[in-house]
2 protein chains.
Amino acid sequence: MNIKEVAKRANVSTATVSRTINNTSFVDPKTAKKVWKAIDELGYHPNTHARSLASGRSRILGLIVSDIVNPFFPELVKSFEDVVTQHGYEILIANTDYCATRMALCVKRMVERQVDGVAIMTSEMDGASIEALAHKSIPMVFLDVGTVGHLVSNINIDYAQGIDEAVRHLLGLGHRRIGFISGPNNLKSARIRRSAFIECLDKYGLVENEQLIFAGNHKFDGGLAAMHHLLTAERPPTAVLASNDLTAFGAIRAIRLAGLRVPDDVSVVGFDDIDPAHFAEPPLTTVRLSRSDLAEKAFHALMYSVNISTPAGREFVVETHLVVRESTGSVPLDE
Amino acid sequence: MNIKEVAKRANVSTATVSRTINNTSFVDPKTAKKVWKAIDELGYHPNTHARSLASGRSRILGLIVSDIVNPFFPELVKSFEDVVTQHGYEILIANTDYCATRMALCVKRMVERQVDGVAIMTSEMDGASIEALAHKSIPMVFLDVGTVGHLVSNINIDYAQGIDEAVRHLLGLGHRRIGFISGPNNLKSARIRRSAFIECLDKYGLVENEQLIFAGNHKFDGGLAAMHHLLTAERPPTAVLASNDLTAFGAIRAIRLAGLRVPDDVSVVGFDDIDPAHFAEPPLTTVRLSRSDLAEKAFHALMYSVNISTPAGREFVVETHLVVRESTGSVPLDE
DNA sequence: CTCTCTCATGTAACCGCTTACACCCACGAG
DNA sequence: CTCGTGGGTGTAAGCGGTTACATGAGAGAG
């Protein structure tokens, strides 16, 4: 079942069938009708490989993430898929697992599949990979932190905004010793969150205390270990900000294991607002980073590069906002 | 950059290059070396579209799931991706969102992309879709419940085993009124879990009590609503089995909202053992369904159909086992 | 020394589609 | 009546691989 058979049945040339399907040029409505009828009757589906090969465009957009198992990413995948399919594109998902080697494989896949663009939310991306994609004229958009450049757009997440809201929230509850569990130090976006936090302390007249800042790994176990460490400080924090929700869950576990309660003894704030945050016990106060906003802007950034022949990238901003739930409360009375 | 340039540089024909890459027939080691050298120097990657078009095989396996946001599925995706990439395949993910219309679109995508096989873990699959795939000679494997047939294999999940362990565990803790929150009734696998539970009651001499069985929707809100309902029974259950973990989380929330504690007042058992189960508060006692086991068997089932020209499907079994954590405890003293 | 036979390689058709280009025809202007 | 003009369609050359078939070079047998 191919375009030739459709052409034969409709009594037209394959070119006309192709033009009808893609409406790339004017086709007499009567002819078009015949063609669609033939397509229907034969149950014809164009072969995407042949299509991509002939046209040079695959109508696929890649999405590279660092950890498909962190609920943030499936949620992002879903949002991205929604907007992308609405516009006739498909999505190719790749998972780096925080590993540079796998990152390289992901890029290789993207090149081989000739994706029309790729959205990247992971920090394993290095110069060589960017170069490899740029060399094939594949537009990129970084959903995190990056630099706009040739073929690469950037979506800046306004971490500072959400962190500021979180810190103000905690200050309002009377907290003065606020801890911070950062992401892995080699992760640029993690460093940004960390410095946003430190700036905040400064802004509100709190002194930075090295003992109250500790690195996790953006996963449960890292949060657990980090919080465990923070609790051993001379004067442990009465509230803690975690650099993502999984870390916050780990922190909560550590607090419980130490025989303390959340939020009665220690308040916890997460970051991302993944689904499990609202069904956790207690429901997690966290900074929401909108997946749909991110996905939409990523798509537009890519489309911009695909359609406009200008290879220059563009810049976007996604805001973040605090969502108050039940993992934060007033500072303990004895403080 | 294409195979011709490689051929020219290595002073051989394109056929030899192709044969070297795919080692589909003997190539003189010296020649092969030259070819690989040229490939390296030029940074050549074969174009997958051209490859698929010419060979008729895409080296892509599809994976259709019902809800990418339920953590069970990303975990399955990861496992499946691991085994699949080890064997030189790639994976195309499709998400039905529990919706029949989207299911049809997913199947269309699979056909258009000419996947070499598809693994299906969703119940939206209907006869027409199976027919569509079979018509294109695409092997299928159902990771759930299905019937083995022409080109379709099946992986039976031994729900009864895990549910039996769970019920015995609860009986051992002294529970006699055990509730059950099932999945949506239109879902075959949900009905199977439900009847496995009922058979269990019978086996251990408990009477089935209609009031203690209520349907959820395999999501948090459904579990919440169902548990809320169960708690209004004349004599509410002292323990509850949920048909998946998200449902269990919802149930726990309902229990807390009613002013009761888990496990002191009501014990809760989940199903799946998704990641969040072990970092929930309290850590969830649940029945583990191994993703890697599932993924591996799915892959082998598909490979069997792809390699052996026999279009007959095969049958596999995946076991399930109880994982005891902290959401279950002894029946309250006043019972 | 010639004849097979085998192994390694080359030649070229083909996979299913897109698209540049050529073509035809109808129509209005000169 | 001839000559653009442009809309609608067909022809055919690719896109970048795979693979059936042809070919040529040695090796061993007679």
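Here is how names work: the chains are called A, B, and so on, in the same order as the sequence lines, proteins then strands, and each is numbered from 1.
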With the criterion being N/O to N/O and under 3.5 Å, what pairs connect the protein with nucleotides 18-22 of chain C, and how long is each?
residue, atom, partner, partner atom, Å
C/dT18, OP1, A/Asn22, ND2, 3.0
C/dT18, OP1, A/Arg51, NH1, 3.4
C/dT18, OP2, A/Ser18, OG, 2.5

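- Taking atom CD on B/Glu112 and atom C1' on C/dC15, their separation rounds to 17 Å, with Å as the unit.
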Please output the side-chain donor-acceptor pairs of residues 125-132 of chain B that fall under 3.5 Å, not counting sequence neighbours, one pair per line with the distance.
residue, atom, partner, partner atom, Å
B/Asp126, OD1, B/Ser129, N, 3.1
B/Asp126, OD1, B/Ser129, OG, 2.7

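- One interatomic measurement links the two molecules: CD of B/Gln114 to C1' of C/dC15, which rounds to 10 Å at whole-angstrom precision.
- Annotation: the span from B/Asn2 atom CG to B/Glu5 atom CD amounts to 5.0 Å, rounded to 0.5 Å.
- Judged as a salt bridge (charged side-chain N to carboxylate O under 4.0 Å, His left out), and not counting sequence neighbours, B/Asp116 has no contacts.
- For the helix from C/dC1-D/dG30 to C/dG30-D/dC1, the angle separating the two terminal helix axes comes to 60°, with each axis derived from five pairs and the value rounded to 10°.
- Within 4.0 Å (heavy atoms only), B/Thr48 reaches no atom of the nucleic acid at all.
- For the 3.5 Å distance criterion, the side chains of A/Asn47 and B/Arg113 fail to qualify, holding no donor opposite an acceptor.
- Partners of B/Arg102 by side chain to side chain contact (heavy atoms under 4.5 Å, CB included), not counting sequence neighbours, listed by chain and number: A/Glu81, A/Asp82, B/Asp97, B/Cys99.
- Here the P atom of nucleotide C/dA8 and the NZ atom of B/Lys30 are 12 Å apart, to the nearest Å.
- Rounding to the nearest 0.5 angstrom, the gap separating the CG atom in B/Leu63 from the CG atom in B/Leu76 is 5.5 Å.
- Within the structure, side chain to side chain donor-acceptor pair (under 3.5 Å) contacts touching residues 32-43 of chain A (residues at least two apart or in different chains) are A/Arg9-A/Glu41, A/Lys37-A/Glu41.
- Distance A/Ile39 CD1 to C/dG16 C1': 14 Å, rounded to the nearest Å.
- Distance alone, capped at 3.5 Å, places no donor-acceptor pair between the B/Ser66 side chain and the B/Thr122 backbone.
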Output a table of nitrogen or oxygen pairs between the protein and nucleotides 4-6 of chain C separated by less than 3.5 Å.
none

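- Not counting sequence neighbours, B/Glu296 has no partner by the side chain to side chain donor-acceptor pair (under 3.5 Å) test.
- Summary of the strand contacts: B/Leu53 and B/Asn11 both lie near DNA chain C, and taking for each the nucleotide with the nearest heavy atom, the more 5' one is attributed to B/Asn11.
- Atom OG of residue B/Ser153 and atom CG of residue B/Leu143 lie 10.5 Å apart, to the nearest 0.5 angstrom.
- Protein chain B contacts DNA chain D over a range whose 5' and 3' limits, counting nucleotides with an atom under 4.0 angstrom from a non-hydrogen atom, are D/dG16 to D/dA20.
- Legend: ring pair (Phe, Tyr, Trp, His ring centres under 6.0 Å) pairs involving residues 37-76 of chain B, not counting sequence neighbours, sorted by first then second residue: A/His49-B/His49.
- Not a single ring-ring contact (aromatic ring centres under 6.0 Å, His included) links A/Tyr89 to another residue, sequence neighbours left out.
- If you take CZ of A/Phe26 and P of C/dC25, they are 22 Å apart, rounded to a whole angstrom.
- By the ring-ring contact (aromatic ring centres under 6.0 Å, His included) test, B/His87 pairs with B/Phe299, sequence neighbours left out.
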